[in-house]
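Remarks on the structure that follows.
Chain letters run A, B, ... following the sequence lines, proteins first, then strands; residues in each count from 1.
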There are 2 protein chains.
Amino acid sequence: MTERRPFQRETEDRRRDDLIAAALDLLAEGGPQAATVRAISARAGVTAGLIRHYFASKDALMRAAFGVFMQRMTAQAAAALQGAPNDPAMRLARFIVASVSAPVVDALAVGLWAGFLHETRRDPEMRAVHAASYLGFRDQLQALIADLPQRSTALDARRAAIACNSIIDGLWMEGSLLPEAFAAGEVIEIALISAGAVLGVDLWAAHETDRNMR
Amino acid sequence: MTERRPFQRETEDRRRDDLIAAALDLLAEGGPQAATVRAISARAGVTAGLIRHYFASKDALMRAAFGVFMQRMTAQAAAALQGAPNDPAMRLARFIVASVSAPVVDALAVGLWAGFLHETRRDPEMRAVHAASYLGFRDQLQALIADLPQRSTALDARRAAIACNSIIDGLWMEGSLLPEAFAAGEVIEIALISAGAVLGVDLWAAHETDRNMR
DNA sequence: GGCCTTATTATACAATTGTGTAATAAGGCC
DNA sequence: GGCCTTATTACACAATTGTATAATAAGGCC
């Protein structure tokens with residue numbers, strides 16, 4: 001009488017990835033309320049029980065998803081330095097550009113970030129992952145700034161890094177929340193000019209030179 | 001046999017305010033999951049049913065709470081301009097200082113903001129309130145910048161406002177998330193020096209002068 | 001001091017949540 | 001092609017959610 005739903009067996013990695021992707025999608029779109037086990041499994045094309053077959057609990061799934069999210073957020077900026085020229089200003093410009101470009105900045109990113117915020121505060125493991133990638137990002141930024149041969153002395157390296165990080169974070173927030181309010185490339189331009197002004201270095205020129213060299 | 005819990009009658013305003021305050025507290029601390037009708041009413045010292053006596057629904061309560069939150073966030077910056085000197089740089093400095101000071105910036109503010117984000121996206125009424133106060137803030141900022149007699153021409157007024165707003169937003173985020181990472185007044189100093197560098201105006205000096213005049 | 005309005009509590013209810021367990025069929029292996 | 005592992009579905013369950021309704025007592029008014 002009850003005809004069972006047909007299915008295909010998939011590899012463990014594939015199913016985990018699908019479930020994590022579905023969880024991230026739903027959390028980004030509708031917040032924690034929307035990321036229920038049933039919604040996640042439906043989005044992933046499976047039934048609810050399967051989540052507990054691949055993850056010890058829903059929280060474990062969310063932890064895994066958070067790790068993927070954090071990695072996605074920082075990977076782009078780190079990758080931008082690979083194969084970059086030696087000129088410190090160009091390196092910094094590349095780092096900043098990567099930090100305010102897609103997919104770091106898009107309409108769903110800030111939703112995801114907000115959705116994870118409170119879970120991050122609750123769960124010690126997630127808090128550790130978050131702190132590590134956040135401070136890692138700021139340290140990279142500070143190192144790039146310290147390498148600049150001549151920069152404004154209005155702010156020491158630490159405060160300069162905080163200021164640049166704020167510009168990046170603020171533009172990330174605005175660009176993600178109101179993507180339609182910015183023309184193509186405008187966020188990049190504002191980021192480079194602003195950070196350049198704070199540091200007393202023409203990052204926009206460095207960016208242009210770098211781009212023409214490629 | 002069942003002895004009813006004793007209670008005192010309160011004014012309508014008092015109860016509404018208490019319920020809104022409880023809702024904001026819980027949302028800030030634990031996100032949407034924590035702000036249940038039972039938790040809110042318990043925090044406010046009443047029973048769950050009373051919420052629906054003062055608000056048409058839980059959503060209506062959250063809408064009211066969001067209005068209070070938005071007002072609290074913008075009121076401080078607006079109030080900073082009342083009785084301010086005429087010098088445009090001093091006025092802008094006051095505005096920025098107020099925007100990165102408590103209670104706008106504190107550990108709970110960003111939690112509240114994150115907690116409201118998705119509800120803001122769902123509810124058209126909340127979205128309207130949010131857009132109005134956000135754009136109102138940026139317009140005020142842009143007007144203050146446009147009043148500056150001589151400023152850097154690297155960015156037009158609109159982009160300069162976006163850049164300054166990003167600095168404020170970014171510092172708000174970092175200062176709220178990691179309040180222990182900053183010394184007293186440090187956020188203010190970074191904000192003024194950074195925004196000043198972007199605009200080519202010494203906002204820090206204006207701030208100091210203004211402070212000594214008072 | 002008794003009455004009357006209504007603020008407040010108490011209780012019930014259907015819907016939804018995460019989780020636990022049993023049934024089943026998909027597909028690799030021989 | 002049949003068997004066997006186990007990935008997958010199906011179902012059940014207690015807890016929690018927002019909401020609806022009825023019972024009750026607080027306290028102002030005469």
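Between the side chain of A:K58 and the backbone N or O of A:I51 there is no donor-acceptor pair closer than 3.5 Å. Without hydrogens or angle criteria, B:S194 side chain to B:A191 main chain gives no donor-acceptor distance under 3.5 Å. Proximity of a side-chain donor or acceptor of A:R159 to a complementary backbone N or O of B:I190 within less than 3.5 Å is not detected. No side-chain donor-acceptor contact under 3.5 Å links A:H130 to the backbone of A:L117. A:R127 places a side-chain N or O within 3.5 Å of a backbone atom of A:R121 that can act as its donor or acceptor partner.
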field: B:D123 and B:R63: CA distance, side-chain angles, deciding distance, salt bridge (charged side-chain N to carboxylate O under 4.0 Å, His left out) verdict
entry: CA-CA 9 Å; B:D123 189 307; B:R63 268 193 294 273; 2.6 Å; yes

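Between B:R122 and A:E29 there is no salt bridge, since no side-chain N of the basic residue sits under 4.0 Å from a carboxylate O of the acidic one. Classification of B:D147 and B:R91 as a salt-bridged pair fails, no side-chain N sitting under 4.0 Å from a carboxylate O.
Put simply, the residue from B:R15, B:R16, B:R14 that forms a side-chain hydrogen bond (donor to acceptor under 3.5 Å, both in side chains) with B:E12 is B:R16.
Residue A:F55 is out of contact with every strand shown, counting any heavy-atom pair closer than 4.0 Å.
Of the side-chain N and O atoms in B:H53, one or more sit less than 4.0 angstrom from OP1 or OP2 of C:dA7. Under 4.0 angstrom from either OP1 or OP2 of D:dT8 there lies at least one side-chain N or O belonging to A:Y54.
Against DNA chain C, the stretch residues 12-31 of chain A makes no heavy-atom approach under 4.0 Å.
Side-chain N/O atoms of A:E174 and B:S166 include a donor and acceptor closer than 3.5 Å.
What separates CD1 of B:I51 from P of D:dT17 is a distance of 12 Å, to the nearest Å. Rounded to an integer number of Å, the gap from CZ of B:R4 to C1' of C:dA7 is 11 Å.
Looking at A:C164 and A:I145, their side chains come closer than 4.5 Å, going by heavy atoms from C-beta outward.
Residues that satisfy the salt bridge (Lys or Arg N to Asp or Glu O under 4.0 Å) test with B:E119, not counting sequence neighbours, are absent from this structure. For A:E180, the salt bridge (Lys or Arg N to Asp or Glu O under 4.0 Å) criterion is met by no residue, not counting sequence neighbours.
In DNA chain C, the stems built from three or more successive Watson-Crick or G-U pairs (distances below 3.5 Å) are C:1-30 with D:1-30.
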Any N/O pairs under 3.5 Å between the protein and nucleotides 15-19 of chain C? List them or say none.
{"from": "C:dG18", "atom 1": "OP1", "to": "A:K58", "atom 2": "NZ", "distance (Å)": "2.8"}
{"from": "C:dG18", "atom 1": "OP2", "to": "A:V37", "atom 2": "N", "distance (Å)": "2.9"}
{"from": "C:dG18", "atom 1": "N7", "to": "A:R38", "atom 2": "NH1", "distance (Å)": "2.9"}
{"from": "C:dG18", "atom 1": "O6", "to": "A:R38", "atom 2": "NH2", "distance (Å)": "2.9"}
{"from": "C:dT19", "atom 1": "OP2", "to": "A:K58", "atom 2": "N", "distance (Å)": "3.0"}

For nucleotides 26-30 of chain C, which of its nitrogen or oxygen atoms have a protein nitrogen or oxygen under 3.5 Å away, and what is each distance?
{"from": "C:dA26", "atom 1": "N3", "to": "A:R9", "atom 2": "NE", "distance (Å)": "3.1"}
{"from": "C:dA26", "atom 1": "N3", "to": "A:R9", "atom 2": "NH2", "distance (Å)": "2.7"}
{"from": "C:dG27", "atom 1": "OP1", "to": "A:R9", "atom 2": "N", "distance (Å)": "3.4"}

